[in-house]
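What follows is a short report on a single structure.
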Amino acid sequence: MTFTNEEGEQEKDDLVYNRQDFWATTSNKQLNFLQHIRTMLKTIGSAAVVMPDNVLFEGGVGETVRKETWHAEKNAEGRWRKYSYAEIIARDKTSLDLFWLKDKSLADLDNLPDPKDLAEDIVENIEAGLNNFRTVLAALGK
């Protein structure tokens, strides 16, 4: 919020957001945005966020917001994880394509649908999509 006094000089008032669903209180808009994204995610959801450098290195509340929840033994399902430089540089071509959570429903290879059923579903979905586009095209032609 910005205020102007009698002399025309601006005074800034940092708003501190204190939301019940945030785990840290701060006036830093980037950290609040990150907290907001986290609260909006479903349990199995994921998000990719590009943030300014200060979010990565800010101490205090920044450390709290970035608090790691993943641990190999204590919480292998933790959704917030950090990697050391050594771990990243050791990856093939220094890839940042990082996954540690697995969808357990995909692990049961004995219960996969028959390939023919999958192919029929794909054809059905493509035909339905084409029909929708034909309807849109017809509406645009009028």
Side-chain angles (χ1 to χ4, degrees), residues 1-5 8-142:
M1 203 177 261
T2 304
F3 299 100
T4 304
N5 60 23
E9 297 172 2
Q10 289 186 348
E11 298 174 6
K12 289 195 175 187
D13 181 24
D14 288 333
L15 293 177
V16 175
Y17 295 94
N18 187 6
R19 287 181 32 176
Q20 300 263 338
D21 54 345
F22 284 7
W23 59 94
T25 302
T26 179
S27 62
N28 183 309
K29 293 176 182 80
Q30 291 94 358
L31 293 174
N32 285 330
F33 180 63
L34 188 60
Q35 291 183 90
H36 175 70
I37 291 170
R38 169 59 179 86
T39 62
M40 300 295 289
L41 286 175
K42 294 182 179 178
T43 304
I44 59 169
S46 61
V49 182
V50 177
M51 304 293 280
D53 286 353
N54 71 313
V55 174
L56 298 173
F57 304 110
E58 184 171 314
V61 175
E63 291 173 1
T64 302
V65 170
R66 295 186 314 269
K67 193 175 290 175
E68 183 176 24
T69 60
W70 178 88
H71 189 275
E73 291 90 31
K74 296 178 185 174
N75 189 13
E77 298 295 314
R79 300 182 56 183
W80 295 83
R81 182 174 179 180
K82 63 183 174 184
Y83 291 86
S84 69
Y85 174 79
E87 289 173 307
I88 292 173
I89 204 72
R91 297 179 59 81
D92 182 39
K93 299 180 185 173
T94 318
S95 172
L96 295 178
D97 189 11
L98 306 168
F99 293 95
W100 66 94
L101 299 177
K102 306 290 185 219
D103 186 347
K104 290 179 178 64
S105 67
L106 299 178
D108 187 6
L109 299 178
D110 295 330
N111 291 323
L112 290 175
D114 183 63
K116 184 179 181 219
D117 293 337
L118 289 173
E120 288 173 352
D121 287 346
I122 291 169
V123 168
E124 187 178 302
N125 287 332
I126 290 172
E127 287 175 345
L130 283 171
N131 287 332
N132 288 336
F133 278 113
R134 287 185 182 109
T135 302
V136 169
L137 182 61
L140 292 173
K142 292 181 180 180

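Just so you know, residue 1 is the first one in the sequence shown, and it goes up from there. For the numbers below, each heavy atom of this structure counts, side chains included, while hydrogens, waters and symmetry mates do not.
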Checklist entry - Partners of Asp21 by salt bridge (Lys or Arg N to Asp or Glu O under 4.0 Å), sequence neighbours excluded? => result Arg19
Item to check | Side chain to side chain, Phe22 and His36, heavy atoms closer than 4.5 Å | outcome: yes
Next on the checklist: side-chain contact (heavy atoms from CB on, under 4.5 Å), that's the test. Do Val61 and Thr25 meet it? Break it down for me.
Outcome noted: CA-CA 7 Å; Val61 175; Thr25 302; over 6 Å; no
Output all residues satisfying side-chain contact (heavy atoms from CB on, under 4.5 Å) with [X], sequence neighbours left out; order by chain, then residue number.
X     : value
Ile89 : Tyr85, Thr94
Ile37 : Phe33, Ala47, Val49
Asp92 : none

Between atom [atom1] of [X] and atom [atom2] of [Y], what is the distance when rounded to the nearest 0.5 Å?
X      : Y      : atom1 : atom2 : value
Phe133 : Leu140 : CZ    : CG    : 11.0 Å
Trp23  : Lys67  : CH2   : NZ    : 10.0 Å
Asn125 : Leu130 : CG    : CG    : 11.0 Å

Checklist outcome for this item: Contacts satisfying salt bridge (charged side-chain N to carboxylate O under 4.0 Å, His left out) that involve residues 117-140 (not counting sequence neighbours) are Lys116-Glu120
Checklist entry - Any idea which heavy atoms bring Thr26 and Asn28 closest together, and the distance? => result OG1-N, 3.0 Å
Checklist entry - Do you know which two heavy atoms are closest between Ala76 and Ala72, and how far apart they sit? => result CB-O, 3.9 Å
Item to check | Qualifying residues under side-chain hydrogen bond (donor to acceptor under 3.5 Å, both in side chains), relative to Ser84, sequence neighbours excluded | outcome: Glu87
